[in-house]
Amino acid sequence: MADSNEMTINLVVLGRTQTGKSTTGNSLLGSSDFESHCSPSSVTTCCSLGRSSRISGIIRRNGCELALRVQVLDTPSYPHSGLSKEQVRDTVRSALAQHFGEEGLHLALLVLRADLPLCPDDSDHAIQFLQELLGPTWKDFTAVLLTHADKAEEAGFREEAYLHSASSTLSSLLSSVQHKYIFLDNQKTIIKEERAIVLRKLLNFIRLNNYQVLLLKHSKE
């Protein structure tokens, strides 16, 4: 919280290569802070922080409208085509402590592709990575963003049908994070109204968590 008339939410995007992490970060910020393009190798190699301008008309607390600011930490993918698991983990852990060490993290956004099945090994690796980064309460501070939802819809899977047909692996993951998930079509530039819907959903997740933050301290281990 910057002042009584403004609220800042701190987010980190995590996920595999080519899931749309950086594009998602740009959509949430309403900018093009993070490099994002199709590539045969992992594009993001270091962490970078993006900050939105003041956003109005999104949140009210105690009967008063607050201006919203969004901070998004973009991260290298895991697994990564050029970095080891330890390098990615240490890079992300250090950046989280640097940027959110005092204010705390509101949500880690695990980005998955809605048009690709989630395999047990991928889910296990993602959960282990989240546990190593965020600690034992990772489930309370994690939401799943399912990108490329337009491709799933083109195949006849709207949200309800998609979830009904989801693998037990994905269903279990969504259940573990208390069904905090959002479908995103980030193949096209997100329009202002769609961005507002997504931000309101994220704020609702944060509200249901009683506006708690995860405090992250830098580890020298």
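Treat the numbers as computed from the prediction; the structure is a model and nothing was measured.
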A.B. asks: In the single-linkage hydrophobic clustering (I, L, V, M, F, W, Y; side-chain heavy atoms under 4.5 Å), do L174 and I127 co-cluster?
C.D. replies: yes
A.B. asks: Identify the two heavy atoms, one from L29 and one from R195, that lie closest to each other, and give their separation to 0.1 Å.
C.D. replies: O-NH2, 2.9 Å
A.B. asks: Can you give me the closest heavy-atom contact between I59 and M7, atom names plus distance?
C.D. replies: CD1-SD, 3.4 Å
A.B. asks: Looking at CG of L130 and OG of S176, how far apart are the two atoms once the value is rounded to the nearest 0.5 Å?
C.D. replies: 9.0 Å
A.B. asks: Might you point out which heavy atoms bring Q87 and T91 nearest each other, and give the distance in Å?
C.D. replies: O-OG1, 2.7 Å
A.B. asks: Quick one: are L28 and L199 in side-chain contact, heavy atoms under 4.5 Å?
C.D. replies: yes
A.B. asks: Taking K21 for its side chain and T75 for its backbone only, find out whether a donor-acceptor pair lies under 3.5 Å.
C.D. replies: yes
A.B. asks: Which of these, R200, R207, K201, sits in a side-chain hydrogen bond (donor to acceptor under 3.5 Å, both in side chains) with N204?
C.D. replies: R207
A.B. asks: Nearest 0.5 angstrom please: K180 NZ to S175 OG, how far?
C.D. replies: 10.5 Å
A.B. asks: Mind checking whether L173 and L112 have side chains closer than 4.5 Å, heavy atoms only?
C.D. replies: yes
A.B. asks: Taking Y78's backbone N and O only, do any of them form a donor-acceptor pair with R89's side chain (distance below 3.5 Å, no angle check)?
C.D. replies: no
A.B. asks: Please check: side-chain N/O of H164 versus main-chain N/O of E160, any donor-acceptor pairing under 3.5 Å?
C.D. replies: no
A.B. asks: Treating S171 as the side-chain partner and S167 as the backbone partner, does any N or O pair qualify as donor plus acceptor under 3.5 Å?
C.D. replies: yes
A.B. asks: With distance as the sole test, does S94 use its side chain to make a donor-acceptor pair with the main-chain N or O of D90 at under 3.5 Å?
C.D. replies: no
A.B. asks: If we ignore hydrogens and angles and just use 3.5 Å, is the side chain of R158 paired with the main-chain N or O of A161 as donor and acceptor?
C.D. replies: no
A.B. asks: What is the minimum heavy-atom distance between E102 and L215, and which atoms define it?
C.D. replies: O-CD2, 4.1 Å
A.B. asks: If the condition is ring-ring contact (aromatic ring centres under 6.0 Å, His included), which residues does Y181 pass it with, not counting sequence neighbours?
C.D. replies: F183
A.B. asks: Is it the case that the side chain of S48 and the backbone of D74 share a donor-acceptor pair, with hydrogens and angles ignored and the cut-off at 3.5 Å?
C.D. replies: no
A.B. asks: Check whether T19 reaches the backbone of R16 with its side chain - one donor and one acceptor, N or O, closer than 3.5 Å.
C.D. replies: yes
A.B. asks: Between OG of S123 and CG of L170, what distance do you get to the nearest 0.5 Å?
C.D. replies: 8.0 Å
A.B. asks: Once you round to the nearest 0.5 Å, how far does CG of L66 lie from CD of E6?
C.D. replies: 9.0 Å
A.B. asks: Calculate, to the nearest 0.5 Å, the distance between atoms CG and NE2 belonging to L202 and H106 respectively.
C.D. replies: 11.5 Å
A.B. asks: Does V144 belong to the same Ile/Leu/Val/Met/Phe/Trp/Tyr cluster as L116, with side-chain heavy atoms less than 4.5 Å apart forming each link?
C.D. replies: no
A.B. asks: Please examine the side chains of F205 and L109, heavy atoms only from C-beta on, and report whether any two atoms are closer than 4.5 Å.
C.D. replies: no
A.B. asks: Considering only heavy atoms from C-beta outward, does the side chain of F157 approach that of L163 to under 4.5 Å?
C.D. replies: no
A.B. asks: With distance as the sole test, does N10 use its side chain to make a donor-acceptor pair with the main-chain N or O of Q71 at under 3.5 Å?
C.D. replies: no
A.B. asks: Taking side-chain contact (heavy atoms from CB on, under 4.5 Å) as the definition, give me every residue that meets it alongside S32, ordered by chain and number, with sequence neighbours left out.
C.D. replies: none
A.B. asks: Report yes if the side chains of D140 and Q178 come closer than 4.5 Å at any heavy-atom pair, otherwise no.
C.D. replies: yes
A.B. asks: At their closest point, which heavy atom of L49 faces which heavy atom of F34, and how far apart are they?
C.D. replies: C-CE2, 4.1 Å
A.B. asks: Could you pull out the closest heavy-atom pair between Q18 and H148, with the gap in Å?
C.D. replies: O-CE1, 4.3 Å
A.B. asks: Are V72 and V213 in one and the same hydrophobic cluster, where Ile, Leu, Val, Met, Phe, Trp and Tyr link if side-chain heavy atoms are under 4.5 Å apart?
C.D. replies: no
A.B. asks: Among the clusters formed by ILVMFWY side chains lying less than 4.5 Å apart, do I182 and I9 turn up in the same one?
C.D. replies: yes
A.B. asks: Please confirm whether the backbone N or O of A149 pairs with a side-chain atom of D185, one donor and one acceptor, at under 3.5 Å?
C.D. replies: no
A.B. asks: Do C47 and V92 have side-chain heavy atoms sitting under 4.5 Å apart?
C.D. replies: yes
A.B. asks: Side chains of R113 and K151: does their closest heavy-atom pair fall under 4.5 Å?
C.D. replies: yes
A.B. asks: Look up atom CG in L107 and atom CD in Q212, then write down how far apart they are to the nearest 0.5 Å.
C.D. replies: 11.5 Å
A.B. asks: Got a sec, which residues hit side chain to side chain donor-acceptor pair (under 3.5 Å) with K139, two or more places apart in sequence or on another chain?
C.D. replies: none
A.B. asks: Report yes if some heavy atom in the side chain of L110 is under 4.5 Å from a heavy atom in the side chain of V177; otherwise report no.
C.D. replies: no
A.B. asks: Spell out, yes or no, whether Y211 and L11 are grouped together once hydrophobic residues are joined by side-chain heavy atoms under 4.5 Å, including indirect joins.
C.D. replies: yes
